[in-house]
Amino acid sequence: MKQALGRVDRRGFVGAVAALAVAAYCAPARVAWAATASAGPADPILIEDLVAANRILAQEQVVDGYGHVSVRHDKDPNRFLIARSLAPELVTADDIVELDLDGNLVGASGKKLYLERFIHSEIYKARPDVKSVVHHHSPAVIPFGITGVPLRPVYHMAAFVGLGVPLFEIRDVAGDSDLLVKSPELGRALAKVLGDKPAALMRGHGAVVVGGSIMESVGRSIYLQMNARLQAQAIAMGREVTYLSPGEVGKMDWQAGGYDRAWDLWKRKSMGRH
Ligand SMILES: [Zn+2]
């Protein structure tokens, strides 16, 4: 009897260990657990702007149920803030989590995270000047990524495009894949292609856009999308297109710091809707 119970107990124990092993194997992709200490509470205005950024990008149809935006923590440059895995339009302050630059959750536990958080973590690592990152799948930019036609600046609102928008080909590093940047290695490869530029296209997937503030990354995302639409329309007209010259691009100082006046409008509209 004792032996029989022992067998049952052993089977139960083995089953529990197996279940834990499966959970541990699956967990990194779905749920992350806090391992390091928090940098402390971020500036409430930063959180408010990050929530607004999520809603603005949805309102402007840069993102739909997918895509994400993050901001570097104001108390620690080795941390950043981003929503837990959630459609951007639904994000509230309670959904914002803190991650380290390896994409690990900090100061909370058991939250489901974006699979592609390594886009953000590896760019923050490679680019100390970057304070905010947007990743989106805007349909307007997809044709440029899949044809290799370079995005060029067609109007003053998107002059930053003239600084260069390189193309990330994930096959160069991952071969055939699901195209998601879901590991630090892939994030590093993307950050390398981005280099010191304001944005990069991701072939068959979308784009990543960076800025020195949330305002800048969001403004650039909106106008990158608009520039792509307008450039495609202009090319379809079949005549030679006059793009902004490098000299004109260099004179767009008013955009430095990022679209302040439009930001106030976007923020009020997006927050007023909820
Ligand atoms: Zn994506």
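Whatever order the structure lists them in is the order used to number ligands and atoms, beginning at 1. Computed from a predicted model, the values in this text were never measured in an experiment.
- Between Leu81 and Arg72, the closest side-chain pair of non-hydrogen atoms is not below 4.5 Å.
- The shortest distance between side-chain heavy atoms of Ser221 and His136 falls below 4.5 Å.
- Near the Zn ion (ligand 1), less than 2.8 Å away, sit the protein N, O or S atoms Glu116 OE1, His135 NE2, His137 NE2, His205 NE2.
- Contact annotation: the side chain of Val133 never approaches that of Val71 to less than 4.5 Å [non-hydrogen atoms, C-beta and beyond].
- For residues 190-209, every residue pair satisfying the salt bridge (charged side-chain N to carboxylate O under 4.0 Å, His left out) rule, not counting sequence neighbours, is listed here: Glu169-Arg203.
- Below 30°, between 30° and 60°, or above 60°: for His137 and His135 the angle between ring planes is above 60°, a perpendicular geometry.
- No side-chain heavy atom of Asn54 sits under 4.5 Å from any side-chain heavy atom of Glu89.
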